[in-house]
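To keep things clear, I will list the structure first and then write my remarks on it.
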Amino acid sequence: MSRYYVTTAINYPNGAPHIGHAYEAVATDWLARFARLDGRDVRFLTGTDEHGLKIAQAARAAGIDPRRYVDGMVERFVAMADRLAISRDRFIRTTDPDHVRAAQALWQRMADAGDLYLDRYAGWYSVRDEAFYAEEETIVQPDGTRVGPTGTPVAWMEEESWFFRLSRFTEPLLDLYARQPEFVQPASRLNEMRAFVERGLKDLSVSRTSFDWGVPVPGAPGHVMYVWVDALSNYLTGAGFPESGYERWWPADLHVIGKDIVRFHAVYWPAFLMSAGLPLPARIFGHGFVLYRGEKMSKSAGNVVEPLALAEHYGVDPFRFFLLRAIAFGQDGEWSHEAIVARVNAELANDLGNLAQRTLSMIAKAGGRVPAHGEAGPQEKALAERAGALLSTCRAAHAAVRPDLALEAIMDMVGHLNLYLSERAPWSLRKTDPAAADGVLRHAAEGIRRCAILLQPAMPERMARLLDLLGVPEDRREFKDLDTDLQTGAELPAPVGLFPRVEPPQPERETSQAV
RNA sequence: GGCGGGGUAGCUCAGCUGGUGAGAGCGCAGGAUUCAUAACCCUGAGGUCGCGGGUUCAAGUCCCGCCCCCGCUACCA
């Protein structure tokens with residue numbers, strides 16, 4: 001049985017989960033659920049990245065210790081995962097004891113390889129921005145004070161730090177990109193990474209002494225790991241590293257991440273692993289952002305919408321469907337209430353929901369049992385051929401990390417099923433040739449069954465209900481069951497609507513009426 | 001500035017190595033139908049394929065120039 005270890009990035013819990021977090025979680029959940037239904041042995045990891053200066057400061061500002069602070073914040077991320085039906089096998093926290101051990105074990109391997117050395121990290125530091133700036137980013141003002149790009153004063157700071165010999169990995173990384181171009185996707189991201197590495201790599205500062213909210217560096221009191229060593233190693237922790245048996249899951253098949261952190265995953269991470277003598281993940285996929293009317297959501301723009309509010313309003317599954325279907329995975333996409341309403345009403349209410357409803361209600365009127373197959377004419381054969389190709393199309397989309405393409409193919413099938421009903425008009429056939437009408441309904445029902453099975457990764461709850469309505473046993477809902485027909489004569493429950501039409505929320509009294 | 005990607009119907013986008021009248025979905029208009037969630041089905045309107053040159057029997061599809069948009073260009077994650 002083929003194995004599939006897939007991860008999301010871990011989230012920094014210094015604010016509420018937003019639609020971007022939801023998007024990545026839902027997309028990765030689709031990948032994991034798809035692989036499970038396809039009979040693969042799946043491990044799906046998601047979680048939170050809880051160390052670092054910002055968390056420590058936020059906790060201090062709140063007057064509580066960091067651990068209590070993150071406990072409170074992490075709850076919201078777990079709640080989102082629960083509400084959005086994210087089928088993770090583990091929700092990892094970088095504060096988990098086994099993660100601390102894993103990060104330290106990785107560190108030790110890098111140290112043993114001779115790739116870590118103690119030096120000084122120096123640069124222009126802005127206390128207000130909590131950031132170091134390169135010399136050329138700073139400006140000396142007329143009054144002699146030096147300021148950073150944000151206009152805040154900077155001062156020369158030096159700090160003892162452990163460094164990682166990243167420079168040593170320039171050639172190995174370029175080799176990796178050349179030999180395994182699918183390592184970073186989309187391909188445009190690989191190009192960027194290649195260009196970045198080709199400029200040459202400088203060694204990387206990987207520890208800090210200025211704060212202590214982090215994983216202690218083994219054998220170096222006062223040092224905590226720079227957050228990326230800590231954060232990236234979560235993928236190893238999730239596989240069980242360094243305990244024996246971690247090879248069952250490591251290396252990961254796929255890291256799903258946002259396009260903004262591709263460099264850390266496509267450059268630093270493989271370098272760390274190469275240093276540690278560990279195998280590399282098969283693939284890194286950097287997805288795009290979900291924008292609101294072309295802009296990133298921000299508190300100042302006043303357009304922050306909680307993903308759970310959208311799930312609540314439109315339904316979890318329709319919301320998931322929208323995210324997966326409406327955005328080409330890898331590109332930026334936009335959401336708006338109008339876009340969700342249009343997509344959900346057109347494809348879920350009008351097409352899929354109505355298809356199920358019209359088919360099931362005709363069956364109900366004809367006795368409420370799975371009708372017998374009729375003769376397969378040219379239309380039925382064409383339909384069967386189309387249905388038969390669906391799985392391989394979806395598998396290809398899964399392999400390419402393109403849930404949108406899988407859903408497009410399934411919805412195309414839904415469209416053809418509606419067309420099929422219109423052409424064969426079983427409601428008319430019923431009057432002249434009831435057996436033929438039954439046959440048409442049976443063909444339609446089987447087509448719906450296939451679509452429902454393949455749509456489960458996107459809409460687990462609604463498709464479970466649809467499969468219930470079709471009388472598909474719970475142990476006949478995997479991809480290997482696609483060719484297992486319904487049982488003729490089986491009694492079906494009374495049909496109920498699955499996808500009511502949706503409307504945008506009531507506008508909250510626009511303040512820009514007469515501007 | 002350097003490197004890379006992109007500008008095609010109102011909207012979101014397909015259009016591989018140049019070749020039958022430039023496409024899809026949504027939206028819009030009309031029609032048909034009534035099994036169904038005012039849904040499904042059919043038809044239609046709508047495009048100087050960013051701008052200007054050039055190569056070619058033939059160019060969204062190749063070449064040159066220009067305009068605009070986006071991404072990357074290391075230690076906040």
Side-chain angles (χ1 to χ4, degrees), chain A residues 9-15 49 51-55 57 121 123 126 129-134 150 161 163-164 166 186-208 226-231 257-264 266-268 286 288-289 294 325-328 331-334 336 338-339 341-343 345-366 404 408 411-412 414-415 417-430 437 440-441 444 495-502:
Chain A
I10 48 176
N11 299 311
Y12 205 62
N14 63 342
D49 173 19
H51 293 306
L53 182 61
K54 283 191 178 171
I55 294 289
Q57 289 178 328
Y121 182 59
S126 162
D129 298 347
E130 303 152 19
F132 280 92
Y133 294 111
T150 54
S161 172
F163 278 78
F164 173 69
L166 184 63
S188 55
R189 298 291 160 197
L190 177 71
N191 292 337
E192 291 176 359
M193 290 306 103
R194 187 185 292 116
F196 175 77
V197 173
E198 279 172 350
R199 289 188 197 98
L201 296 171
K202 291 190 287 192
D203 288 350
L204 192 66
S205 165
V206 289
S207 78
R208 291 287 186 273
Y226 168 56
V227 66
W228 277 108
V229 180
D230 174 1
I257 58 171
K259 64 181 183 180
D260 53 332
I261 54 174
V262 168
R263 195 179 72 229
F264 304 99
V267 179
Y268 300 173
F289 294 146
R325 169 77 171 104
I327 302 170
Q331 300 195 292
D332 286 351
E334 289 191 35
S336 63
E338 293 80 0
V341 167
R343 180 71 66 175
N345 284 343
E347 298 195 357
L348 296 182
N350 296 353
D351 292 346
L352 177 59
N354 185 46
L355 170 67
Q357 183 71 0
R358 65 198 301 210
T359 304
L360 289 168
S361 69
M362 279 188 275
I363 290 174
K365 283 185 192 170
D404 54 303
E408 180 181 37
M411 293 316 295
D412 183 59
V414 168
L417 285 163
N418 269 320
L419 185 54
Y420 171 69
L421 285 183
S422 294
E423 287 178 344
R424 300 302 312 271
W427 53 91
S428 300
L429 273 180
R430 175 71 55 203
V440 171
L441 293 177
V496 291
L498 283 173
F499 294 105
R501 295 175 65 82
V502 297

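Within every chain, numbering begins at 1; the chains are lettered A, B, ... in the order of the sequence lines, protein sequences first and strands thereafter.
Within the nucleic acid shown, Leu419(A) comes within 4.0 Å of sugar-phosphate atoms alone, with no base atom in reach, counting heavy atoms only. Counting non-hydrogen atoms under 4.0 angstrom, Ser205(A) reaches a base of the nucleic acid. At the heavy-atom level, Gly200(A) lies under 4.0 Å from base atoms of the strands shown. Leu421(A) comes within contact range of no nucleotide atom at all, as no heavy-atom separation falls under 4.0 Å. Nucleic acid contact class of Phe264(A) (heavy atoms, under 4.0 Å, all strands): base. Among the protein residues, Leu355(A) comes within range of no part of the nucleic acid, since none of its heavy atoms lies under 4.0 Å from any strand. Base engagement by Arg199(A) is indicated by at least one non-hydrogen atom pair under 4.0 Å involving a base atom. Leu360(A) comes within 4.0 angstrom of nothing in the nucleic acid, heavy atoms only. Here Ala195(A) lies out of heavy-atom contact (under 4.0 Å) with every strand.
A gap of 29 Å separates the P atoms of C64(B) and U12(B), to the nearest Å. U17(B) and C63(B) have their P atoms separated by 11 Å, with the value rounded to a whole Å. Across G65(B) and G25(B), the matching C1' atoms stand 36 Å from one another, rounded to whole Å. Rounded to whole Å, the separation between the C1' atoms of U20(B) and G31(B) comes to 31 Å. Here, A24(B) and G46(B) have their C1' atoms 15 Å apart, quoted to the whole Å.
Counting to the nearest Å, the P atom of A77(B) and the CG atom of Asn11(A) are 15 Å from each other. In this structure, the CG atom of Leu352(A) is 13 Å from the C1' atom of C40(B), given to the nearest Å.
Out of U73(B), C40(B), C75(B), the shortest distance to the side chain of Phe196(A) is found at U73(B). For Lys54(A), the side-chain atoms get nearest to C76(B) when compared with the rest of C76(B), A39(B), C35(B). With A74(B), U73(B), A36(B) as the choices, the nucleotide that has an atom nearest any side-chain atom of Tyr268(A) turns out to be A74(B). For Glu347(A), the side-chain atoms get nearest to G25(B) when compared with the rest of C72(B), G25(B), U37(B). Closest to the side chain of Asn354(A), from the set A36(B), U37(B), A74(B), is A36(B). Counting only heavy atoms from C-beta on, Ser361(A) has its side chain closest to A36(B) among C75(B), A36(B), A77(B). Closest to the side chain of Asp49(A), from the set A77(B), A39(B), A36(B), is A77(B). Side chain of Asn191(A), nearest nucleotide from A74(B), C35(B), G4(B): G4(B). Which of U37(B), U34(B), A36(B) sits closest to the side chain of Trp427(A) comes down to U34(B). Relative to the side chain of Ser422(A), the nucleotides C72(B), C40(B), U37(B) differ in distance, and C40(B) lies closest.
Considering only heavy atoms from C-beta on, Phe499(A) stays 4.5 Å or farther from Glu347(A) through its side chain. Taking 4.5 Å as the limit, some side-chain heavy atom of Leu421(A) sits within range of a side-chain heavy atom of Val440(A). In this structure, Ser207(A) and Tyr226(A) have side chains that are not in contact, with every pair of non-hydrogen atoms separated by 4.5 Å or more.
Residues Trp228(A) and Phe264(A) bring their aromatic ring centres within 6.0 Å.
OP1 or OP2 of A39(B) sits under 4.0 Å from a side-chain N or O of Arg501(A). Within the 4.0 Å cut-off from OP1 or OP2 of U73(B), at least one side-chain nitrogen or oxygen of Arg263(A) is found. Side-chain nitrogen and oxygen atoms of Lys259(A) include none within less than 4.0 Å of the OP1 or OP2 phosphate oxygen of C70(B).
Taking 90° from 0 as the syn/anti boundary, the base of G46(B) is oriented syn. Base orientation of G47(B): anti (glycosidic angle beyond 90° from 0).
Stem analysis of RNA chain B (at least three stacked-register Watson-Crick or G-U pairs, each with both distances under 3.5 Å) gives B:1-7 with B:67-73, B:10-13 with B:23-26, B:28-31 with B:41-44, B:50-54 with B:62-66.
For the pair Gln331(A) and Gly415(A), both in contact range of RNA chain B, the more 5′-proximal nearest nucleotide belongs to Gln331(A).
Tested against Pro495(A), the residues Leu360(A), Thr359(A), Ile363(A) include a single side-chain contact (heavy atoms from CB on, under 4.5 Å) partner, Leu360(A).
With rounding to the nearest 0.5 Å, the separation of CG in Leu417(A) from CG in Asp412(A) is 10.0 Å.
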